[in-house]
Number of protein chains: 2
Amino acid sequence: MDDIKLFFTENQMQSARFAKALSHPVRLYIIGLLTKQACCYSGDLSEVLPIAKSTLSQHLKELKNAGLIQGEIETPKIRYCLNEENWEKARILFEDLFNK
Amino acid sequence: MDDIKLFFTENQMQSARFAKALSHPVRLYIIGLLTKQACCYSGDLSEVLPIAKSTLSQHLKELKNAGLIQGEIETPKIRYCLNEENWEKARILFEDLFNK
DNA sequence: TTTTCAATTCGCAAATTTACGAACAATTTT
DNA sequence: AAAATTGTTCGTAAATTTGCGAATTGAAAA
């Protein structure tokens, strides 16, 4: 697994990280929502999604760690949005993959 | 995890499966190669990639299970190609996700 | 100051993923 | 028939992922 990091290009590693972040239906749902409506609150998601709040929190954290979303504190809530810069990076990486 | 399968759309579930198949650098490398060169043999990959043959076999199996590649026996080798039909499905799903 | 609210972190369990070498098939070559 | 070639499957170990409820944090309202 150390060889692996040396062998692959940074683009390949980054694409894999983005794909992993998108590889769970809950996370895909959140991302899909944020591409349509600018932002949302954890509480709104929690009311809709059939998972515990703590589980949702973990998924949000993973999306944040992958750089795909960001959260602004708007006490007492947290407002989540796409990280537009990285979302564009992801778009380009996937576009490159799919369009030869 | 049962609620989850009922809550999400088939497109969301399918997108998540494709993303998961693409979420490992080895699998991404294989797919990237197959988008550029029509087909390849497991042995060719094995010579290049820094992983054991058995590990490679598992990754190929996952790509096959996700429907992204297919293998034809060409004794004594196996010739792997993209599954063009499903690859196109994946392309459209990701396109929909990224282009609003 | 106590209570409430929104959300995260903690602790844990179950399932899945990743990886390897050894053993195993199936076919071809010697 | 024996040996070599190609690739998969098996058994196993370590790490990661997914999930939950309980406990915690931090700020606002009562």
Side-chain angles (χ1 to χ4, degrees), chain A residues 1-8 12-13 16-31 33-34 39-66 68-81, chain B residues 1-8 12-13 16-31 33-34 39-66 68-81:
Chain A
M1 186 64 173
D2 278 346
D3 297 353
I4 278 182
K5 284 173 187 161
L6 296 174
F7 178 81
F8 295 103
Q12 286 170 329
M13 295 303 292
R17 277 191 292 272
F18 283 144
K20 188 177 224 166
L22 298 174
S23 74
H24 190 286
V26 165
R27 296 194 293 267
L28 218 38
Y29 176 92
I30 296 167
I31 290 288
L33 194 70
L34 291 179
C39 65
C40 70
Y41 297 92
S42 175
D44 304 342
L45 295 169
S46 182
E47 277 173 26
V48 170
L49 291 168
I51 56 172
K53 271 161 49 141
S54 55
T55 306
L56 173 59
S57 231
Q58 282 185 108
H59 285 301
L60 288 168
K61 195 205 266 186
E62 277 188 69
L63 287 172
K64 233 186 306 178
N65 289 343
L68 292 180
I69 66 172
Q70 57 200 48
E72 281 175 64
I73 294 168
E74 203 172 88
T75 351
K77 300 184 179 182
I78 297 182
R79 176 198 186 82
Y80 284 102
C81 316
Chain B
M1 187 61 173
D2 278 346
D3 298 353
I4 278 182
K5 284 172 187 163
L6 296 173
F7 178 81
F8 294 103
Q12 285 169 331
M13 295 301 294
R17 278 191 292 271
F18 283 143
K20 188 177 223 165
L22 298 174
S23 74
H24 190 287
V26 164
R27 297 194 294 268
L28 218 40
Y29 176 93
I30 295 167
I31 290 289
L33 194 69
L34 290 179
C39 66
C40 69
Y41 297 92
S42 175
D44 303 343
L45 296 168
S46 182
E47 277 174 25
V48 169
L49 291 168
I51 57 172
K53 271 164 46 145
S54 54
T55 305
L56 173 58
S57 230
Q58 283 185 108
H59 285 301
L60 288 168
K61 195 205 267 186
E62 277 189 68
L63 288 172
K64 235 187 303 178
N65 289 344
L68 292 181
I69 66 170
Q70 57 200 47
E72 281 176 66
I73 293 167
E74 205 173 86
T75 350
K77 299 185 179 181
I78 298 182
R79 174 197 186 83
Y80 285 102
C81 316

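Everything quoted here is computed from the prediction, not taken from an experiment. Below, chains carry the letters A, B, ... as their sequence lines are ordered, and counting in each starts from 1.
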Phosphate OP1/OP2 of dT8(D): any Tyr80(B) side-chain N/O under 4.0 Å: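 Yes, Tyr80(B) has a side-chain N/O under 4.0 Å of OP1/OP2 on dT8(D).
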Round to the nearest Å and state the distance from [X] atom [atom1] to [N] atom [atom2].
X        : N       : atom1 : atom2 : answer
Ile30(B) : dG7(D)  : CD1   : P     : 12 Å
Phe8(A)  : dT18(C) : CZ    : C1'   : 13 Å
Lys64(A) : dA7(C)  : NZ    : C1'   : 10 Å
His59(A) : dT17(D) : NE2   : P     : 12 Å
Ile73(A) : dT25(D) : CD1   : C1'   : 11 Å
Leu60(A) : dG19(D) : CG    : P     : 13 Å
Ile69(B) : dT8(D)  : CD1   : C1'   : 14 Å
Glu72(A) : dA7(C)  : CD    : P     : 14 Å

Leu22(B) and Leu22(A): CA distance, side-chain angles, deciding distance, side-chain contact (heavy atoms from CB on, under 4.5 Å) verdict: CA-CA 10 Å; Leu22(B) 298 174; Leu22(A) 298 174; over 6 Å; no
Any idea which heavy atoms bring [X] and [Y] closest together, and the distance?
X        : Y        : result
Cys81(A) : Cys39(A) : SG-CB, 3.6 Å
Ile69(B) : Leu60(B) : CD1-O, 3.7 Å
Pro25(A) : Phe8(B)  : O-CE2, 3.5 Å
Leu68(B) : Ala21(B) : CD1-CB, 3.8 Å

Nearest-0.5 Å distance, [atom1] of residue [X] to [atom2] of residue [Y]:
X        : Y        : atom1 : atom2 : answer
Ile31(A) : Tyr80(A) : CD1   : OH    : 12.0 Å
Tyr29(A) : Leu34(A) : OH    : CG    : 10.5 Å
Met13(B) : His24(A) : CE    : NE2   : 8.0 Å

Minimum-distance nucleotide to Lys61(B) side chain [options: dG7(D), dT8(D), dT9(D)]: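 Of the candidates, dT9(D) comes closest.
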Partner set under side-chain contact (heavy atoms from CB on, under 4.5 Å) for Leu33(B), not counting sequence neighbours: Gln37(B), Cys40(B), Leu45(B)
Which residues share a side-chain contact (heavy atoms from CB on, under 4.5 Å) with Lys61(B), sequence neighbours left out: Asn65(B)
Nucleotides 24-30 of chain C: protein proximity per nucleotide (B base, S sugar-phosphate only, - neither; heavy atom, under 4.0 Å): ---S---
Residue pairs fulfilling side chain to side chain donor-acceptor pair (under 3.5 Å) with at least one residue in residues 40-60 of chain B, sequence neighbours excluded: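 Every side chain to side chain donor-acceptor pair (under 3.5 Å) pair that includes a residue of residues 40-60 of chain B, provided the two are not neighbours, is Arg27(B)-His59(B), Tyr41(B)-Glu74(B), Tyr41(B)-Arg79(B).
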Contact residues, residues 42-55 of chain B to DNA chain D [heavy atom, < 4.0 Å]: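 Output list: Ser42(B), Gly43(B), Lys53(B), Ser54(B).
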Contacts under 3.5 Å, N or O only, protein and nucleotides 13-17 of chain C:
unit_1  : atom_1 : unit_2   : atom_2 : d
dT17(C) : OP1    : Lys20(B) : NZ     : 3.0

